[in-house]
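These notes are about the structure you will find just below.
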Amino acid sequence: MSKYWNKKINEAEPYVAGEQPKAGVKIIKLNTNENPYAPSPKVAESLAQFDISELRLYPNTDGGELVQAIADREGVKPTQVFCGNGSDEVLALCFQAFFEKEGNTDLPVLTPEFSYSFYPVYESFYDIRAKKIPLREDFRLDASDYAGVPNCGIAIANPNAPTSRAISLDDIAFICKSNPDSVVIIDEAYAYFAEPYETAVSLLPEFPNLCVVRTTSKSYSLAGLRIGYAIASEELIEGLKRARDSFNSYPTDRLAQKIAAVAIRDEEYHKKCRERLIATRKYTEDALRALGFTMPESAANFVFAKPPKGVPAGLLYKKLREKGILVRYFDKDVLRDYLRITIGTDEEMRALAEACTEEIKNVQNS
Ligand code: PMP
C-alpha cells in the first residue's frame, strides 16, 4: 500500500511469475515452461550481421519482416497478424480490446476454472466481470459447457495450463459457432508440443470472432526475447492495433523482430527441437508413472503430475527445491495436489526422476 498509488494499483493483485534464480546459481529449472534447447543457430548468424545503425530508427511494427514471416508460416495475410511484447502483452490487449467493462455490461468473460493465472489478473485490472467454467473429470474441458452461457467473451488456453490437456479443433469450432457475438481467444502458447500438431488458425476463414494467440517463448526457445502474436480476422487485428496505439505504438523492437523472424523461418530446427522435447516428455511421463504419479496425457512442454498417495505435492516441491530442482507448485484448490513440471533435457529429467525416487522413499519410510 502507498498513499502515492491510486486505488487501482493499491487494490491490484498482480500475476506472480515462476521464480527466476540468480545468475550463476546451478539449478535444474523446470518451473516456467522454457525450452531447454538454444534457439536456432541462424539467430546467432543474424545477430552477428545486425547493422546497429538500424537502431536509430523506430521499428516498423505492422509491415516488417516478422509480420511477413508469421503470415508466410501460417498461410494468412500480413493484415491478419499482430505482434506484441510477449503473448502476455498481446493477451492483455485482447482483453482490453474485445471484452467489455463491468458497468457497460453485466456479462462475464468465460474462462476454464483452472487455466492460465494471468487471465483473472487482466479481468480484475480491466474491471471485467469473470465467470469460471468448471472442468470435468481429470481436468477435461467440455465444449458444451460454453454454449448457452451469456458472456462478453471467452478465453481458453489450448493446450491448457497448468493442466496440459488439449481440446480438438471441432470443440473450438463449436465454441466459436455457439458464441457468434463474442470474441473467442484461443491461447496457443503450447500448441506446437501437441501430437499431432493442430492449430485453430485453420478455422479462421470460418470464424471472424476467433483470435489465436501464439508466442515465440516456448517452442522457438525465445522466452527472453519477448515476442508474441495474434492471428485473426482483419477486423479483430484492427481492434488490437487501436488498443496498442492507445498505449505504446512500438511494443516490439527492431532487433527482436529480426531474431524472431529468423527463428520462425528455420522450421527444420524448430521441428527437430519439438520432436526431441516430445520424446523426453514421453520418457518423463513413463518414469513418473512408474513411481506412482498420475497425470493427464500432456499436449504441452510440461506435465501436471500428482505424486503417489501419502506424498504431499507441497512437500515434494520443497524437497526438490532443496536438491536444486525447481518445479512449479500452485498452493490453491485441487491444484495443490499436483506439481507442474517443465520438460527439460533428457539428463535433467533423469535427475528429476532420481530425486523423486529418493524423496518418495524418504517420505514413505518416515
Ligand atoms: N499463455 C500461456 C498459457 C502461458 O503459460 C504463457 C507463459 N507464462 C503465456 C501465455 C505468456 O507467454 P509469453 O508472454 O512469454 O509469450
Side-chain angles (χ1 to χ4, degrees), residues 14-20 29-36 39 66 70 81-96 109-123 125 132 135 139 141 154-167 172 184-194 199-200 211-232 240 244 248 251-253 256-257 259-261 263-264 270 277 281 296 298-304 326-330 335 338-343:
Y15 174 74
V16 182
E19 185 178 344
Q20 292 294 345
K29 191 171 180 309
L30 308 174
N31 68 333
T32 46
N33 299 341
E34 289 139 332
N35 199 308
L66 174 58
I70 296 166
V81 176
F82 175 89
C83 296
N85 193 255
S87 61
D88 280 340
E89 185 186 74
V90 175
L91 288 163
L93 290 168
C94 286
F95 274 64
Q96 290 174 70
V109 164
L110 312 183
T111 56
E113 177 184 13
F114 302 114
S115 192
Y116 185 31
S117 37
F118 233 130
Y119 303 156
V121 173
Y122 300 140
E123 285 160 347
F125 203 60
K132 289 192 178 352
L135 291 167
F139 304 112
L141 186 153
I154 296 175
I156 292 173
N158 191 42
N160 194 18
T163 69
S164 80
R165 289 194 69 149
I167 56 171
I172 295 170
V184 178
I185 296 173
I186 300 295
D187 175 356
E188 291 192 347
Y190 302 104
Y192 273 121
F193 301 111
T199 170
C211 182
V212 183
V213 177
R214 308 285 283 270
T215 180
T216 60
S217 296
K218 312 292 180 182
S219 65
Y220 290 102
S221 309
L222 291 171
L225 195 74
R226 311 308 300 131
I227 291 286
Y229 45 101
I231 307 162
L240 284 176
R244 176 198 65 200
N248 173 12
T252 61
D253 62 78
Q257 285 186 31
I259 292 170
I264 287 171
H270 183 237
L277 198 130
R281 178 176 73 203
S298 171
N301 69 337
F302 56 89
V303 292
F304 197 51
L326 273 188
V327 300
R328 192 88 197 257
Y329 179 58
F330 300 95
L335 304 183
Y338 290 77
L339 297 176
R340 194 196 69 188
I341 305 169
T342 304
I343 305 300

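In this text, all values refer to a predicted model and were calculated from it rather than measured experimentally. Computation of the quantities below employed the complete heavy-atom set of this structure, encompassing side-chain atoms and omitting hydrogens, waters and symmetry-equivalent molecules. One-based numbering, in listed order, for ligands and for the atoms of each.
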For a quick check under 3.5 Å, do [X] and [Y] share a side-chain donor-acceptor pair by atom type?
X	Y	result
Thr199	Arg214	yes
Asp187	Tyr119	yes
Glu34	Thr342	no

Determine whether the aromatic ring centres of residues Tyr190 and Phe302 are separated by less than 6.0 angstrom. yes
Anything under 30° is parallel, anything over 60° is perpendicular, the rest tilted; go ahead and classify Phe139 against Tyr338. perpendicular
Measure from every N or O atom of ligand 1 to the protein's N or O atoms and keep only the pairs below 3.5 Å, writing each with atom names and distance to 0.1 Å.
unit_1, atom_1, unit_2, atom_2, d
ligand 1, 1 (N), Asp187, OD1, 3.2
ligand 1, 1 (N), Asp187, OD2, 2.7
ligand 1, 5 (O), Tyr190, OH, 2.6
ligand 1, 8 (N), Tyr116, OH, 3.1
ligand 1, 12 (O), Ser87, OG, 3.2
ligand 1, 14 (O), Ser87, N, 3.2
ligand 1, 14 (O), Asp88, N, 3.0
ligand 1, 14 (O), Asp88, OD2, 3.4
ligand 1, 14 (O), Arg226, NH2, 2.7
ligand 1, 15 (O), Ser217, OG, 2.6
ligand 1, 15 (O), Arg226, NH1, 2.7
ligand 1, 16 (O), Ser87, N, 2.7
ligand 1, 16 (O), Ser87, OG, 2.7
ligand 1, 16 (O), Thr215, OG1, 2.6
ligand 1, 16 (O), Ser217, OG, 3.4

Flag, side chain of Asn85 to backbone of Thr252, donor-acceptor distance under 3.5 Å: no
